[in-house]
Protein chains: 2
Amino acid sequence: MTDTAPAPRTRIQEKNTSAILDAALEVFSQAGFRGATLDQIAKAAGLSKPNLLYYFPSKEAIHVALLSQLLDSWLDPLRRLDPEGDPVDEIVRYVLRKLDMARELPRESRLFANEILQGAPRIHDYITGPLKDLVDEKARLIQSWATAGRIAPVDPHHLIFSIWATTQHYADFDVQVRGILAPGGDAHFDGAAKFLQHLYRRGMAPD
Amino acid sequence: MTDTAPAPRTRIQEKNTSAILDAALEVFSQAGFRGATLDQIAKAAGLSKPNLLYYFPSKEAIHVALLSQLLDSWLDPLRRLDPEGDPVDEIVRYVLRKLDMARELPRESRLFANEILQGAPRIHDYITGPLKDLVDEKARLIQSWATAGRIAPVDPHHLIFSIWATTQHYADFDVQVRGILAPGGDAHFDGAAKFLQHLYRRGMAPD
DNA sequence: GTCTATATAAGGATAGAC
DNA sequence: GTCTATCCTTATATAGAC
């Protein structure tokens, strides 16, 4: 049941487990948990379905493994918000780091979005626990900057939400973004960076 | 196949069809297309599964009916961006209208988000067609304001994306937002409105 | 470790009585 | 129009040979 980690020993196990996780990330992030099938994942991983279930006890276990390895890295950019740096610079750098993540890890972002959209059945404790704790801590930092007059007086929580929203949008709504902009690789990320930098530098500058 | 509309005649048909659509919106928006089952929808609508299929030919048909009725209203706030109004005011009013939609129609927003996340299989033509056309038209309007020095010189497409992202976030990531903020109804929407108003008024003000 | 074959269950859709 | 019973496909998971 809570048997998730395969604990790979040999090289071949290592290789297959990571092939499965990569394939599963691809499939889950695009189809959601219920929409994904073991057939799709097995095919993408280059394995048979029973062989896949030799490495993970269930579909659920694969999904949980993906989420846990994702959550580990998800908090990182926010964690690096530095109390010692220049406040506006710190916020803008946070925005750009999150945008980089959206470009480099779009599947992870969509996996997370799928989970939240469907009511976060598997990560609800993570949200009200570690995530809330870190956000509250950083919100206090931002609040102290505002109180000191070093940034504009805004609600820190909504500032953080807006940064998540604007950056992850480029991963989660990728199809829509590309459908509206002229096609052409990841070129639009430069435009996004420029715009967001403008918006937050202006928006956060002290009075 | 493309048989979607039930064309209700009697009162009881009218009542059942709308009960089905409402139930389906609830279920699809939370579970996605694949994750939703006819059993769930039938139960939520207070009907038996076969009776539900008396009104709609298939699960797919219900989903398509929901999406079409959604897309009709989806473009409305953007369409109302007024070339004659004050540019910054118009943009801020657009943000607030979208935020209102997120509060009042969160299920519709999540239905849409689910569809986009999964690659927009059913509304791809809508995105590259009517949606893109309207966005391009309004982007030209915003560009003309920028060129005239009446707002800050930003990329209009990314401005629009950021408005979609920040406002729909409160519907699509509702569980996360509530998990982080103290619980308490829709009170946080006031804070969101205040923050977004600040951000866009500052961000869009001309130099 | 990997496969073929299969048990088992869920879910979309239909038949046919009322 | 609505129901019970059922068909049939798909999908998760297991058995057991190699």
Side-chain angles (χ1 to χ4, degrees), chain A residues 1-28 30-67 114 118 121-122, chain B residues 1-28 30-67 114 118 121-122:
Chain A
M1 248 349 168
T2 328
D3 186 8
T4 64
R9 303 286 169 192
T10 72
R11 277 162 225 94
I12 189 163
Q13 279 175 339
E14 187 108 20
K15 178 170 159 292
N16 279 341
T17 334
S18 90
I20 291 169
L21 286 175
D22 189 69
L25 177 59
E26 186 71 29
V27 176
F28 279 133
Q30 210 250 329
F33 181 72
R34 292 286 307 273
T37 72
L38 290 180
D39 275 312
Q40 291 175 293
I41 298 172
K43 188 179 177 186
L47 296 171
S48 70
K49 197 161 45 168
N51 198 12
L52 186 153
L53 289 167
Y54 169 78
Y55 287 96
F56 289 86
S58 68
K59 179 183 178 180
E60 173 87 20
I62 304 177
H63 194 247
V64 170
L66 276 178
L67 280 176
N114 257 308
Q118 311 196 352
R122 280 166 266 267
Chain B
M1 257 338 158
T2 330
D3 187 6
T4 62
R9 302 287 169 193
T10 73
R11 277 163 224 95
I12 187 161
Q13 279 176 339
E14 188 106 20
K15 178 171 159 292
N16 279 341
T17 328
S18 90
I20 292 170
L21 287 175
D22 190 68
L25 178 58
E26 187 70 29
V27 176
F28 279 134
Q30 210 250 331
F33 180 72
R34 291 286 307 273
T37 72
L38 290 181
D39 278 311
Q40 291 174 291
I41 298 172
K43 188 179 177 184
L47 296 171
S48 69
K49 194 161 51 165
N51 198 13
L52 187 154
L53 289 167
Y54 168 78
Y55 287 96
F56 289 86
S58 69
K59 180 184 180 181
E60 172 89 19
I62 305 177
H63 194 247
V64 170
L66 276 177
L67 279 176
N114 257 307
Q118 311 198 352
R122 279 166 267 266

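Chain naming here is simple, since letters A, B, ... match the order of the sequence lines and numbering starts at 1 in each. Worth knowing before you read on, the calculation uses all heavy atoms, side chains too, and leaves out hydrogens, waters and symmetry mates.
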Asks: Less than 4.5 Å apart, side chain to side chain, heavy atoms only: is that true for A:Glu14 and A:Thr10?
Replies: no

Asks: Measure from CZ on B:Phe56 to P on C:dG12 and round the result to the nearest Å.
Replies: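 For the pair B:Phe56 CZ and C:dG12 P, the rounded distance is 15 Å.
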
Asks: Within the structure shown, what part of the strands sits under 4.0 Å from B:Ala36 by heavy-atom distance: base, sugar-phosphate, or nothing?
Replies: sugar-phosphate

Asks: Given atom CZ of B:Arg34 and atom P of D:dA11, what is their separation to the nearest angstrom?
Replies: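 From B:Arg34 CZ to D:dA11 P: 6 Å.
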
Asks: Please state how far atom CG in B:Leu52 lies from atom P in D:dT2, giving the value in whole angstrom units.
Replies: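 Atom CG in B:Leu52 sits about 11 Å away from atom P in D:dT2.
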
Asks: For A:Asn51 and D:dA17, give me the distance from atom CG to atom C1', rounded to whole Å.
Replies: 15 Å

Asks: Name the orientation class of the two ring planes belonging to B:Phe33 and B:His63 (parallel below 30°, tilted from 30 to 60°, perpendicular beyond 60°).
Replies: tilted

Asks: Distance check needed: C:dC3 P versus A:Tyr55 OH, whole Å only.
Replies: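 Distance, rounded to whole Å: 10 Å.
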
Asks: Taking the nucleotide of DNA chain C with the nearest heavy atom to each, does B:Lys49 or A:Asn16 sit closer to the 5' end?
Replies: A:Asn16

Asks: Measure the distance from CD1 on B:Ile20 to C1' on D:dG1 and round it to the nearest whole Å.
Replies: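 My rounded result for the distance is 12 Å.
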
Asks: So A:Leu53, base contact, sugar-phosphate only, or nothing? Heavy-atom distance under 4.0 Å.
Replies: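 The answer is base, as A:Leu53 lies within the cut-off (heavy atoms under 4.0 Å) of a base atom.
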
Asks: Could you tell me the separation between the NZ atom of A:Lys59 and the P atom of C:dA9, rounded to a whole number of Å?
Replies: 18 Å

Asks: In whole angstroms, how far is the P atom of C:dG11 from the CD1 atom of B:Ile62?
Replies: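 Whole-Å distance recorded here is 15 Å.
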
Asks: Has the side chain of A:Gln30 got a donor or acceptor atom that lies under 3.5 Å from a matching backbone atom of A:Val27?
Replies: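 The answer is no, because no donor-acceptor pair under 3.5 Å joins these two groups.
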
Asks: Heavy-atom distance under 4.5 Å between the side chains of B:Phe56 and B:Thr17, does that happen here?
Replies: yes

